[in-house]
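Take a look at the structure below.
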Amino acid sequence: MSSEKILLLDGNSLAYRAFFALPLLTNEHGIHTNAVYGFTLMLQKIMEEENPTHMLVAFDAGKTTFRHSTFGEYKGGRQKTPPELSEQFPYVRKLIDAYGIKRYELEMFEADDIIGTLCKQAEEKGQQVIVVSGDKDLTQLATENTTVYITRKGITDIEKYTPSHVEEKYGLSPLQIIDMKGLMGDASDNIPGVPGVGEKTAIKLLKEHGSVENLYQALDTVSGAKLKEKLVANEDQAKMSKILATIETNAPIEVSVDDLTYSGPNMEEVTSVWKELSFKTLLEKSEYVTDEQTRTEIKFEVLENVNQSILKDTMVVHLEMYGEQYHTSELLGIALYDGEKSYFIPGSMAFQSKAFCEWLEDENKVKYLVDSKAVQAVSKKNNVSLHGADFDLLLAAYIVNPSISSEDVATMAKEFGYFDVLTDENVYGKGAKKATPELDKLGEHASRKAQAVWKLKPTLEEKLHENEQYSLYKELELPLASILGTMESEGVKVEAKVLKEMGVDLEQKLLTIEKDIYELAGEEFNINSPKQLGVILFEKIGLTPLKKTKTGYSTAADVLEKLESEHEVISHILNYRQLGKLQSTYIEGLMKEIHENDQKIHTRYQQALTSTGRLSSINPNLQNIPVRLEEGRKIRKAFVPSKPDWVMFAADYSQIELRVLAHMCEDEKLVEAFNHDMDIHTKTAMDVFHVEKEDVTSDMRRAAKAVNFGIVYGISDYGLSQNLNITRKEAATFIEQYLNSFPGVKGYMDDIVREAKQKGYVTTILKRRRYLPEITSSNFNLRSFAERTAMNTPIQGSAADIIKKAMIDMAKRLEEEKMQAKMLLQVHDELIFEAPKEEIERLEKIVPEVMESAIKLIVPLKVEYAYGPSWYDTK
DNA sequence: AACTTCACG
DNA sequence: ACGTACGTGAAGTTC
């Protein structure tokens with residue numbers, strides 16, 4: 001017997017199995033990938049275990065097969081292949097090609113028949129044959145030389161059918177499997193068999209008689225009158241069923257076993273398909289990708305300090321910091337790369353180098369960076385201003401696809417097909433084991449990052465151009481990074497004393513409320529534990545639970561508010577929660593973040609995180625400082641100017657999201673409302689409730705306001721009903737009335753969802769993109785969510801575009817006017833400045849002017865502003 | 001690390 | 001029939 005081993009796979013069946021075994025995964029371009037992924041895992045495993053010399057994947061060619069001429073309803077009544085699966089077949093084929101595996105399909109024949117035919121040919125050649133499928137019918141092919149692998153639950157779990165295993169399982173020979181199918185039929189293929197005969201009876205009959213034909217010859221000896229009757233009545237059908245179940249082993253195929261030699265995968269092509277489909281786990285695990293040996297070696301020179309001679313006109317500069325908190329963390333070293341040579345300067349000495357600082361400041365020296373905002377912030381701390389930032393890897397990757405959202409160079413690089421860099425976690429370790437590596441390793445890591453930036457620049461820039469996003473990236477995000485870095489580094493002064501006094505006061509109040517609650521509850525417990533609180537309220541006191549969470553009773557504020565009249569303790573709990581939040585998050589939390597040296601808080605803006613284009617703020621979050629309730633709003637009294645005789649100045653866009661909506665949908669009434677600067681909620685109430693302005697009650701206005709919010713969020717009757725505490729039906733009526741009153745809005749909502757389905761993504765005014773793979777999902781929830789996102793993202797994202805542009809214009813204007821005023825914070829639709837009193841008059845003119853003209857819409861933008869001795873007073 | 005709650009736009 | 005309003009971050013509890 002030859003040492004050749006042939007692997008014959010049933011492509012359709014395995015892809016089906018994979019599809020139903022795995023949840024519906026998608027990559028960022030909206031392609032479903034679960035079937036391809038599962039197929040890949042099976043393929044990897046089986047090839048590793050079997051090491052075949054020959055391979056083929058067979059596919060079904062079309063709907064009609066030769067079996068249909070025997071039985072028209074063959075495979076009738078089958079559910080249509082879900083579109084989520086059919087769209088994956090091209091990728092399965094592509095992957096097979098990349099592996100260098102032959103594939104074949106033949107008109108009028110099924111994959112089974114191709115496999116059966118090749119199976120016999122291979123056996124004749126003396127090859128060992130392995131057939132892999134998810135379909136048990138294939139077990140009829142098992143012989144001494146052929147083993148049939150059938151997938152079990154999951155994807156990589158297989159059952160191996162040799163003739164003896166078939167015997168063991170059914171008490172039949174492999175060929176008798178066909179007879180068995182003939183008698184019992186097969187619901188999935190719509191093979192009728194003999195009605196009333198199932199697996200048990202079929203096996204029993206075949207054990208006695210051997211085959212369908214023998215059975216019918218000896219029908220008299222069959223015991224059981226009813227059974228005999230059924231067999232007689234369905235003789236033709238049984239014989240036909242057997243024919244249908246028989247795999248053709250003599251199909252007119254045009255390939256022969258000799259064509260199927262397999263010489264191993266082309267891993268470059270395989271990984272490129274993996275990249276396309278975002279198979280991150282496979283890419284990470286792949287030796288090809290992560291093995292030290294396959295990673296190209298890099299050279300870098302360690303320098304004591306920066307000398308003039310290495311500083312070129314164009315370079316990558318990368319600051320390697322310990323962790324992401326660059327405001328406080330240690331600068332471990334600086335990597336420089338000029339396209340040929342890599343340098344690493346350990347420690348923070350580089351900023352001592354006059355040559356380096358001057359080079360950073362020189363706008364004619366072109367810099368490529370990983371994160372230009374971080375470099376700007378750190379530079380500013382060293383009294384240096386970064387100029388000439390020309391490429392920012394983090395921002396470029398984010399604009400191409402905001403869902404990437406990793407700050408790690410290796411993770412970003414991998415997305416774009418570059419693998420010669422390690423993850424920070426790999427180099428530093430994680431959790432308790434996290435530590436700075438030795439100099440060599442650190443230098444190599446930083447240098448690899450620097451080189452990755454250089455190599456990735458053309459790839460990303462090409463992608464940006466292709467998507468028409470280059471100017472969004474280069475003229476909006478990149479200059480903004482520098483401004484944000486400066487704002488972060490500038491920081492905002494916070495009076496610890498003010499917070500502390502509030503804290504003492506709160507402490508007292510909390511203790512009192514705590515005592516009251518314990519008394520009313522009749523026992524002491526942890527009020528901060530929803531679980532314990534739930535037991536007290538809903539079991540001990542016996543209130544009615546109105547809502548449940550995954551883990552138990554919901555004790556969220558909206559639930560408690562509905563129970564307020566039921567028991568006295570509720571209002572105390574709500575009060576306790578409110579004050580507790582202030583104490584822990586805002587008093588204690590913020591005090592921890594005040595820097596010793598300058599009494600300031602330096603937040604970090606995440607410029608490459610949100611999927612809509614907004615910024616986010618962390619360590620601490622300064623975008624959610626209380627304002628709605630007076631007690632909380634007092635926190636803002638601690639936010640003060642950094643210099644005596646300066647004031648805080650805040651300006652915010654009024655109704656920016658609804659104005660953006662008006663701009664995009666061009667609804668006549670909405671546009672007119674803004675052109676006349678009407679109160680938009682009142683106007684909405686007038687149109688929805690068909691009343692005159694004078695007759696709009698406060699409740700009507702409140703409802704209209706909620707509807708407007710709903711419109712911006714991607715309206716749903718349920719959401720609105722929750723918000724307004726009305727029934728879903730009433731909410732649905734509101735929405736209908738709204739959309740009838742503003743037909744342009746309805747048109748926009750319909751169009752944007754249709755567009756998202758067609759393109760797979762939505763865009764903002766400045767061509768920011770968000771991919772929405774789930775918009776074509778057959779899962780109602782996933783699809784609905786994607787549809788609401790499709791409606792909301794262009795609105796929220798365009799508003800983000802506008803304020804970002806305003807920030808750039810504002811920074812420029814302040815510089816041109818040589819003003820001292822500083823932009824300190826951005827809170828989505830507002831900008832907060834500090835300025836000397838003398839500049840206020842000019843700011844009152846400049847800020848609204850600049851913000852209102854940031855981006856021209858078909859409706860005016862409106863800015864309101866206020867100033868005072870603290871952030872609290874800017875109302 | 002997941003869940004719940006709540007602060008903001 | 002399905003069950004959710006969009007986008008965030010931080011704190012505290014529980015597993």
Side-chain angles (χ1 to χ4, degrees), chain A residues 402 405 431 525-534 547-560 573-574 576-590 592-593 603-606 609-629 631-633 635-636 652-658 661 706-724 728 731 735 762 770 772 777-797 799-800 803 825-831:
Chain A
S405 90
F525 65 99
N526 187 345
I527 307 167
N528 283 321
S529 161
K531 198 180 167 191
Q532 294 181 35
L533 181 62
K547 205 164 80 178
K548 274 191 292 186
T549 67
K550 269 184 193 166
T551 53
Y553 311 113
S554 171
T555 65
D558 63 322
V559 175
L560 296 189
I573 288 164
L574 287 167
Y576 181 88
R577 282 250 182 92
Q578 197 199 111
L579 301 183
K581 178 86 179 176
L582 291 180
Q583 182 75 308
S584 64
T585 306
Y586 296 104
I587 302 293
E588 289 164 5
L590 284 179
K592 274 186 233 150
E593 300 284 352
T603 185
R604 273 168 46 232
Y605 289 102
Q606 306 236 110
L609 183 139
T610 71
S611 26
T612 53
R614 274 190 176 182
L615 300 175
S616 95
S617 154
I618 55 169
N619 301 128
N621 181 354
L622 293 186
Q623 290 181 321
N624 71 344
I625 301 302
V627 66
R628 290 172 192 168
L629 299 171
E631 295 99 307
R633 189 175 213 157
I635 299 280
R636 296 180 174 223
D652 69 288
Y653 283 109
S654 158
Q655 305 296 353
I656 189 166
E657 291 187 331
L658 287 172
L661 173 64
V707 173
N708 278 329
F709 269 96
I711 292 294
V712 168
Y713 292 158
I715 197 93
S716 82
D717 49 11
Y718 187 85
L720 183 65
S721 74
Q722 288 296 298
N723 191 286
L724 279 178
R728 234 182 62 196
I735 293 166
V762 288
R770 179 174 185 178
L772 297 168
S777 170
S778 52
N779 178 317
F780 177 88
N781 277 335
L782 294 178
R783 190 178 62 247
S784 303
F785 187 71
E787 285 170 359
R788 292 196 298 274
T789 312
M791 299 184 238
N792 168 266
T793 295
I795 300 173
Q796 194 183 115
I803 195 164
L825 302 170
Q826 188 252 43
V827 192
H828 309 308
D829 66 356
E830 70 176 312
L831 295 175

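Because the structure is predicted, anything quoted here is derived from the model rather than measured. Labels below follow one simple rule: chain letters A, B, ... track the order of the sequence lines, proteins then strands, and each chain is numbered from 1. Both backbone and side-chain heavy atoms feed into the values below; hydrogens, waters and symmetry mates do not.
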Which part of the nucleic acid does Ala790(A) contact within heavy-atom distance under 4.0 Å: base, sugar-phosphate only, or nothing? nothing

With a non-hydrogen cut-off below 4.0 angstrom, is Asn779(A) in contact with a base, only sugar-phosphate, or nothing? nothing

Walking DNA chain C from its 5' end, the first of Asp717(A) and Thr789(A) to be reached, judged by nearest nucleotide, is Asp717(A)

How many Å lie between CD1 on Ile618(A) and P on dG9(B), as a whole number? 20 Å

Within a reach of under 6.0 Å around CZ of Phe525(A), are more than 12 heavy atoms found that belong to other residues, nucleotides or ligands? yes

CG-CG distance between Leu661(A) and Asn792(A), expressed to the nearest 0.5 angstrom: 11.0 Å

Any donor-acceptor pair under 3.5 Å linking the side chain of Gln532(A) with the backbone of Asn526(A)? yes

Determine the contact category for Arg633(A): base if any of its heavy atoms lies under 4.0 Å from a base atom, sugar-phosphate if only primed atoms, P, OP1 or OP2 are that close, otherwise nothing. nothing

Remember a base hit wins even if backbone is also touched, and classify Asn624(A) as base, sugar-phosphate or nothing at under 4.0 Å, heavy atoms. base

So which heavy atom on Ser721(A) is nearest to which on Ala731(A), and how close? N-CB, 3.7 Å

Separation of Lys547(A) atom NZ from dT5(B) atom P, in whole Å? 8 Å

Check DNA chain C for consecutive Watson-Crick or G-U pairs with both distances under 3.5 Å and list the runs of at least three as stems. B:1-9 with C:6-14

Distance check: side-chain N/O of Arg628(A) vs OP1/OP2 of dC8(B), anything under 4.0 Å? yes

Base, sugar-phosphate, or nothing for Phe785(A), non-hydrogen atoms under 4.0 angstrom? sugar-phosphate

Gap between atoms CD1 and C1', on Ile635(A) and dC8(B) respectively (whole Å): 13 Å

Side-chain donor-acceptor pair present, Thr610(A), Ser616(A), cut-off under 3.5 Å: no

If you compare all heavy atoms of Tyr586(A) against all heavy atoms of Asn624(A), which two are closest, and at what distance to 0.1 Å? OH-O, 2.6 Å

Measure the CD-CD distance between Glu830(A) and Gln623(A) for me, rounded to the nearest 0.5 Å. 9.5 Å

If you walk 5' to 3' along DNA chain C, what is the first nucleotide with an atom under 4.0 Å of a heavy atom in chain A, and what is the last? dC2(C) to dC15(C)

Sugar-phosphate only, base, or nothing, as touched by Gly710(A) at under 4.0 Å among non-hydrogen atoms: base

Output the rounded distance in Å from CD (Gln623(A)) to C1' (dC6(B)). 16 Å

Scan side-chain atoms only and decide if Thr793(A) and Arg770(A) contain a donor-acceptor pair under the 3.5 Å cut-off. yes

Taking only the P atom of each, what is the distance from dC3(B) to dT4(C) in whole angstrom? 14 Å

In whole Å, what is the span from the CG atom of Leu574(A) to the C1' atom of dA7(B)? 15 Å

Measuring to OP1 and OP2 of dT4(B), would you say a side-chain N or O of Thr549(A) lies under 4.0 angstrom away? yes

CG/Leu782(A) to CG/Leu772(A) distance, rounded to the nearest 0.5 angstrom? 12.0 Å

In terms of the nearest nucleotide of DNA chain C, which residue is placed more toward the 5' end: Arg614(A) or Asn619(A)? Arg614(A)

Base, sugar-phosphate alone, or nothing: which one does Glu657(A) contact when heavy atoms must sit under 4.0 Å apart? nothing

At under 4.0 Å between heavy atoms, what does Asn526(A) touch on the DNA or RNA strands: base, sugar-phosphate, or nothing? sugar-phosphate

At 4.0 Å (heavy atoms only), tell me whether Ala557(A) reaches a base, stays on the sugar-phosphate, or touches nothing. sugar-phosphate

Provide, to the nearest angstrom, the distance between the CG atom belonging to Leu582(A) and the C1' atom belonging to dA7(B). 9 Å

Hey, does Asn528(A) reach any base, or is it just sugar-phosphate, or nothing, if we go heavy atoms under 4.0 Å? sugar-phosphate

Looking at every strand, decide which applies to Ser617(A) at a 4.0 Å heavy-atom threshold: base, sugar-phosphate, or nothing. sugar-phosphate

Checking all strands, does Ile625(A) fall into the base, sugar-phosphate, or nothing category for heavy-atom contacts under 4.0 angstrom? sugar-phosphate

Point-to-point distance, once rounded to the nearest 0.5 Å, from CG of Leu533(A) to OG of Ser554(A): 10.0 Å

What's the gap between dC2(C) and dC6(B) when it is taken at their P atoms, as a whole Å value? 28 Å

Can you find a donor-acceptor pair, distance only, under 3.5 Å between Lys550(A) side chain and dC3(B) base? no

Enter the distance from Asn779(A):CG to Ser784(A):OG here, rounded to the nearest 0.5 Å. 8.5 Å

Please state how far atom NZ in Lys581(A) lies from atom P in dC8(B), giving the value in whole angstrom units. 9 Å

Students often get this wrong, so: under 4.0 angstrom with heavy atoms, is Gln796(A) touching a base, only sugar-phosphate, or nothing? base

Classify the nucleic acid contact of Ser584(A) as base, sugar-phosphate or nothing, counting any heavy atom under 4.0 Å across all strands shown. sugar-phosphate

In whole Å, I'd like the distance from the CD atom of Glu588(A) to the P atom of dA7(B). 16 Å

Could you walk me through whether Glu588(A) and Lys581(A) pass the salt bridge (Lys or Arg N to Asp or Glu O under 4.0 Å) check? CA-CA 10 Å; Glu588(A) 289 164 5; Lys581(A) 178 86 179 176; over 6 Å; no

